[in-house]
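Each chain gets a letter, A, B and so on, in the order its sequence line appears, and its residues count up from 1.
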Amino acid sequence: MTAIAQRLSVWRRDSVLPGFGLTLGLTLTYLSLVILLPLSALIITTSGMGWQAFLDAAFTPRALAAYKLSFGAAFIAAGINAVAGVIVAWVLVRYSFPGKRLVDAIVDLPFALPTAVAGIALAAIYASNGWIGGPLSILGIKVAFTPLAVVLALLFEGLPFVVRTVEPVLQDLDPELEEASASLGAGRLQTMVRVILPSILPAVVTGFALAFARGLGEYGSVIFIAGNLPMVSEIAPLLIIIKLEQYDYTGATAIATVVLLAGFILLLVINVLQRWSRRHEHRT
Amino acid sequence: MITPAARASRIAIKEPPWLKVVLTLSALLFLLLFVAMPLAAVFVEAFRRGVDMFFQALVEPDALAAIRLTTFVAAIAVPLNMLFGIVASWAIAKFDFAGKSVLITLIDLPFSVSPVVAGLVFVLLFGIHGWFGQWLVDNDIQIIFAVPGIVLATIFVTFPFVARELIPLMEEQGREEEEAAMSLGAGGLQTFFRVTLPNIKWGLLYGVLLCNARAMGEFGAVSVVSGHIRGETNTMPLHVEILYNEYNFVAAFAVASLLAGLALITLVLKKFIEWRSGDTGRGAPL
């Protein structure tokens, strides 16, 4: 008896609170049924098709063009958002101005607005007769139905990830660092670039990775404005749906596996990054 | 107490005024162009042909059916994921066990899965050519291209919202209060309802709010499993897509404006909860 109890206590520390077995059991059951079993269906179906068949289905020229667009546009949008997000977070944390609370609430809009709604709104704005698309088309810049449109849609979806990741770190930043820098004769701009930026860098990179991961899989906000021309403005998630509609399950599954694995790798990277930024916070 | 920001402004470490103005204006301009403008466009387009056309689009039978279906799906998915969130955070925050961080990562998993992939996995399981396809046909059960598939896909994408809100909150609150209640003779359920629940109520509400917004607005995952049957398997976002692709822009934006209204209500409630719970901002959001 004591041996078993001892072995159990290695596995979990004793607690006087009840319900451990029940709640953990329910958690694992629900998680398995709703998330893990469905996801394993994708992995098992893919592994059943054989290596060569997978490569043939997952890396057709059209699929490669779609990955390139999805990865490229997500990367560029996350990069722009990393810069813009830091500026927005900085302004929200450090300055006060009229309407600040409204601005703060607007930052979260992309989280709350359904992607399809954002999608048709962006399509209306950037159409050749739209609010922004109109003036741009006079300048000879075409947005709708180009890769640029994909970047713009992902710019919308990704911004809050950077702002909300950087904001708390900026809030907790010790002003003594800036004072020290100033008293040692650094100019304000120099202090911002050389002292503040390095302290918030882990958070910026985490926000970038979150926005990038979101952009990779994004569908609703992109498809209305992208025009979905094969090889030009067709994103990977859309190609999965097209393959499904053609009853090409092998193609859909293979491409989905590539997108899924990319998402998992990013999730791992984000986890490592978050640990890094937490350690960084403790150090400073 | 002097806040860091107040101290910072007291000591001469402020930016020159021109830089302050430039930074503020560029932040506002960016938000206006890329975030606020799409919201404004929804309402402008919805009322482009007048108020009558707007309301006509909303009372049309297919639109009403879409509103009903969206409400129905959220009414199943949100409570289920809420219960899961409470149960999972109790197990994770109140006990120590091996593999805890793995479990937390697994709960976050749906956030890193593309919505389209989330829909596809259910087609692979329950579609006609799927693992259980033949069995479902034999028993005359339809999941894909029917409401159960939509519910499953919605549960998948909204799975982590409540749990990831509650886990850090309950971990921070520790176990002392519950342990005190138990040692004073309270039962497990009594302890939960009298001690734990009042402590986590704002966090719980916050998670439910975000979960509901996503459940009602989900598009990609639902699009894969729905089959787009008008009046039957069209949720509001899917109805918006159909109307838009038929060049019925006013109707598309009218239905979209309902969803945008839901988003605005969500944002207002979110700010309210942050204010009530004394939380000025949150870390990594989703």
Side-chain angles (χ1 to χ4, degrees), chain A residues 11-13 15-20 23-24 26-27 30-31 34-35 38-39 41-42 45 84 87-88 91 95 97 105-106 108-109 112-118 120-122 124-125 155-156 160 164-165 167-168 175 178-179 182 188 213 217 219-220 237 240-241 249 252 256 259-260 263 267, chain B residues 4 7-8 11 13 15 23-24 26-27 30-31 34-38 41-42 45 84 87-88 90-91 94-98 109-110 112-117 120-122 124-125 129 155 159 178-179 182 188 213 217 219-220 237 240-241 244 252 256 259-260 263 266-267 271 281 283-285:
Chain A
W11 192 60
R12 82 172 173 93
R13 211 190 66 189
S15 169
V16 293
L17 298 178
F20 176 69
T23 53
L24 188 65
L26 280 174
T27 301
Y30 188 69
L31 176 73
V34 175
I35 307 295
L39 282 181
L42 178 64
T45 307
I87 295 176
V88 171
V91 167
Y95 305 152
F97 50 91
I106 286 283
D108 285 326
L109 183 73
L113 195 69
T115 55
V117 178
I120 63 169
L122 291 168
I125 292 173
L155 215 49
F156 173 82
R164 296 302 185 218
T165 314
E167 225 178 351
E178 293 166 52
E179 289 165 25
R188 186 58 188 155
Y219 173 71
I240 296 172
I241 289 194
Y249 288 87
V259 174
L260 184 77
L267 180 72
Chain B
R7 263 179 72 198
I11 298 160
I13 54 168
E15 293 82 60
L23 286 175
T24 309
S26 39
F30 189 86
L31 283 171
F34 294 108
V35 182
M37 200 183 269
V42 172
E45 296 291 332
F84 164 77
V87 164
W90 179 268
K94 303 293 175 192
F95 301 92
D96 292 315
F97 55 91
L109 210 55
S112 62
V113 176
S114 169
V116 171
V117 176
L120 172 78
V121 295
F122 290 105
L124 293 178
L125 278 178
H129 304 286
I155 289 177
F159 178 83
E178 280 85 0
E179 282 165 358
M182 295 293 295
F219 178 67
V240 169
E241 182 194 21
Y244 187 87
L259 289 166
T266 303
L267 288 184
K271 283 290 146 205

So OG1 of A/T45 and CG of B/L124: to nearest 0.5 Å the spacing works out to 4.5 Å
Between A/A105 and chain B, which part of the residue has a heavy atom less than 4.5 Å away: side chain, backbone, both or neither?
-> both
If every non-hydrogen atom of B/S114 is compared with every non-hydrogen atom of A/G217, which pair is closest and at what distance?
-> OG-O, 2.8 Å
Non-hydrogen atoms of chain A under 4.5 Å away: do they reach the side chain of B/V240, the backbone, both or neither?
-> side chain
Do the rings of A/F20 and B/F97 sit parallel, tilted or perpendicular, given the 30° and 60° boundaries?
-> tilted
Could you look at A/I125 and say if it's the side chain, the backbone, both or neither that has a heavy atom under 4.5 Å from chain B?
-> side chain
Per-residue contact mode, B/M182 against chain A (heavy atom under 4.5 angstrom) = side chain
Taking all non-hydrogen atoms of both residues, which atom of B/E179 and which atom of A/L17 are closest, and how far apart?
-> N-CD2, 3.8 Å
Side chain, backbone, both or neither: which part of A/V34 has an atom under 4.5 Å from a heavy atom of chain B?
-> both
Heavy atoms of A/P18 and B/G188 approach each other most closely as CG-CA, 3.6 Å
Of the backbone (N, CA, C, O) and the side chain (C-beta and beyond), which part of A/Y249 lies under 4.5 Å from a heavy atom of chain B, both, or neither?
-> side chain
Before giving the answer on side chain to side chain contact (heavy atoms under 4.5 Å, CB included), spell out for B/E15 and A/Y95 the whole-Å C-alpha distance, their side-chain angles and the decisive distance to 0.1 Å.
-> CA-CA 10 Å; B/E15 293 82 60; A/Y95 305 152; 2.4 Å; yes
Given a strict heavy-atom distance threshold of 4.5 Å, which part of B/E45 is in contact with chain A: side chain, backbone, both, or neither?
-> side chain
In terms of heavy-atom pairs under 4.5 Å, which option from A/L26, A/V259, A/L39 contacts chain B the most?
-> A/L39
Stepwise side chain to side chain contact (heavy atoms under 4.5 Å, CB included) test for A/I87 and B/F30 | CA-CA 10 Å; A/I87 295 176; B/F30 189 86; over 6 Å; no
Minimal heavy-atom distance between A/A121 and B/P38, with the atoms involved, is CB-O, 3.3 Å
Heavy-atom nearest pair, B/A27 first then A/V91, reads CB-CG2, 3.9 Å
Atom group of B/L267 that falls short of 4.5 Å from chain A, counting heavy atoms | side chain
Looking only at non-hydrogen atoms, find the nearest pair between A/T27 and B/A88 and report the distance.
-> OG1-CA, 3.2 Å
At a heavy-atom separation under 4.5 Å, does B/Y244 approach chain A through its side chain, its backbone, both, or neither?
-> side chain
In terms of heavy-atom pairs under 4.5 Å with chain B, which of A/A252, A/A124, A/A112, A/A118 leads?
-> A/A112
Find the distance between OG1 (A/T115) and CG (B/L259) and round it off to the nearest 0.5 Å.
-> 10.0 Å
What's the spacing between A/T23 OG1 and B/F95 CZ if we round to 0.5 Å?
-> 5.5 Å
Nearest-0.5 Å distance that lies between atom CD1 in A/I35 and atom CZ in B/F159 = 5.0 Å
So, the part of B/L23 with a heavy atom under 4.5 Å from chain A: the answer is both
